[in-house]
Amino acid sequence: MKYLSLHIKNIASIEKADIYFDQEPFSGNPIFLICGETGSGKSTILDTICLALYANTPRINNSATVKEKEENEVMGFKDIRQMMRRGAKEGSAELHFIGNDEQTYTALWTVRQKRTGNVEDSRSLECPAKGLYLTKKREIDTEIERCVGMKYEQFCR
């Protein structure tokens with residue numbers, strides 16, 4: 001698997017970011033370092049890759065319940081609202097990558113707050129060369145496992 005680009009919108013501390021792994025300074029280096037100040041979004045980059053591929057992230061699974069200050073309600077980190085940037089009504093994680101089968105894929109995870117206040121997320125996976133466009137969770141999970149070569153738990157190790 002090879003990352004081509006990552007597009008982040010309103011996820012955690014990142015309002016908008018576009019990272020192109022197939023361009024300099026990344027393309028000429030097989031290994032690179034993600035560094036920055038505390039709270040600058042380093043972990044969010046990794047979370048966003050996990051969200052795009054698996055609609056899940058270790059940060060959601062391993063965190064305790066916290067008090068949400070703005071809405072004055074208790075909500076756990078397993079609540080997808082915790083992945084949205086504070087005050088945002090929608091967010092997305094989009095990853096373009098080359099799978100183990102040498103095909104180019106786009107994995108997209110979106111989250112949005114409805115007028116009712118409820119939050120919903122959705123996913124899609126496409127591979128134009130194969131005529132593939134998936135929106136059902138089970139189909140996406142199966143295809144991601146096949147083209148990435150790992151289940152979520154393996155990927156996070």
Side-chain angles (χ1 to χ4, degrees), residues 1-100 104-115 117-127 137 140-141 143-145 147-157:
M1 174 182 190
K2 180 180 179 182
Y3 302 140
L4 298 174
S5 63
L6 177 65
H7 306 282
I8 306 168
K9 181 180 174 190
N10 291 326
I11 303 296
S13 61
I14 299 177
E15 181 176 5
K16 185 172 182 347
D18 299 303
I19 302 168
Y20 296 93
F21 297 101
D22 58 347
Q23 297 177 10
E24 290 297 333
F26 303 110
S27 65
N29 299 297
I31 296 175
F32 55 88
L33 173 70
I34 301 172
C35 61
E37 300 281 329
T38 301
S40 63
K42 302 175 299 291
S43 296
T44 302
I45 293 170
L46 302 175
D47 286 340
T48 305
I49 292 170
C50 286
L51 287 168
L53 293 173
Y54 298 100
N56 202 354
T57 177
R59 192 185 313 211
I60 292 174
N61 289 333
N62 298 332
S63 298
T65 301
V66 296
K67 180 106 171 162
E68 177 65 38
K69 294 177 184 172
E70 283 183 28
E71 298 175 22
N72 200 25
E73 67 177 288
V74 176
M75 113 175 66
F77 269 96
K78 290 186 185 225
D79 188 320
I80 59 174
R81 289 179 290 177
Q82 294 292 357
M83 291 311 300
M84 289 197 308
R85 190 167 167 265
R86 188 173 298 281
K89 300 292 183 197
E90 63 183 15
S92 62
E94 182 176 343
L95 179 66
H96 299 263
F97 66 96
I98 298 174
N100 292 339
T104 302
Y105 292 85
T106 300
L108 175 64
W109 176 83
T110 60
V111 60
R112 70 180 185 91
Q113 184 174 15
K114 297 159 76 173
R115 289 183 187 184
N118 294 338
V119 178
E120 67 180 7
D121 66 332
S122 62
R123 296 169 69 191
S124 66
L125 179 68
E126 64 180 71
C127 178
K137 179 187 181 326
I140 293 171
D141 289 343
E143 187 65 17
I144 288 287
E145 184 178 335
C147 69
V148 172
M150 291 179 260
K151 293 183 178 188
Y152 169 74
E153 294 77 17
Q154 295 169 308
F155 186 81
C156 292
R157 274 190 238 157

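Looking at heavy atoms from C-beta onward, D141 lies in side-chain contact with R123 at the 4.5 angstrom threshold. Looking only at side-chain heavy atoms (C-beta outward), I49 and F155 come within less than 4.5 Å of each other. Using a 4.5 Å cut-off on side-chain heavy atoms (C-beta onward), R112 and E120 make contact. Contact check for S92 versus L108: side-chain heavy atoms found under the 4.5 Å cut-off. Inter-residue side-chain proximity for M1 and Y105 is flagged as unmet; no heavy-atom pair is nearer than 4.5 Å. No side-chain heavy atom of Q113 sits less than 4.5 Å from a side-chain heavy atom of N118. Residues L51 and V111 fail the side-chain proximity criterion, which asks for heavy atoms closer than 4.5 Å. Looking at W109 and T57, their side chains never come closer than 4.5 Å, going by heavy atoms from C-beta outward.
Panel note: side chain N10, backbone E90; a donor-acceptor pair is recorded below 3.5 Å. K42 places a side-chain N or O within 3.5 Å of a backbone atom of E37 that can act as its donor or acceptor partner. Under the 3.5 Å distance criterion, the side-chain polar atoms of N100 are matched with a main-chain donor or acceptor of V148.
The minimum heavy-atom distance linking S122 with T110 is given by the pair OG-OG1, 2.7 Å. A pairwise comparison of heavy atoms in I14 and G41 identifies CD1-O, 3.9 Å as the closest pair. Closest non-hydrogen pair, I144 versus L53, comes out as CG1-O, 3.5 Å. Residue F21 comes nearest to F26 through the heavy atom pair O-CB, 3.4 Å, listed as atom of the first residue, atom of the second, then distance. Here the closest heavy-atom approach between residue C156 and residue C50 is recorded as SG-SG, 4.1 Å.
Distance NZ/K151 to CZ/R157: 11.0 Å, rounded to 0.5 Å. Atoms CD1 and OG1, on I8 and T48 in that order, are 4.0 Å from each other to the nearest 0.5 Å. A distance of 11.5 Å separates NZ of K9 from CG of D18, quoted to the nearest 0.5 Å. The line from CG of L4 to CD1 of I19 is 13.0 Å long, rounded to the nearest 0.5 Å.
Aromatic ring centres of F97 and Y3: separated by at least 6.0 Å.
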Subject >> Derivation and outcome, side chain to side chain contact (heavy atoms under 4.5 Å, CB included), residues E94 and T106 >> reply: CA-CA 7 Å; E94 182 176 343; T106 300; 3.7 Å; yes

Subject >> Derivation of the side chain to side chain contact (heavy atoms under 4.5 Å, CB included) call for I34 and I45 >> reply: CA-CA 9 Å; I34 301 172; I45 293 170; 4.2 Å; yes

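Using the six-membered ring where Trp is involved, H96 and H7 have ring planes that are perpendicular, over 60° apart on the 30 and 60° scheme.
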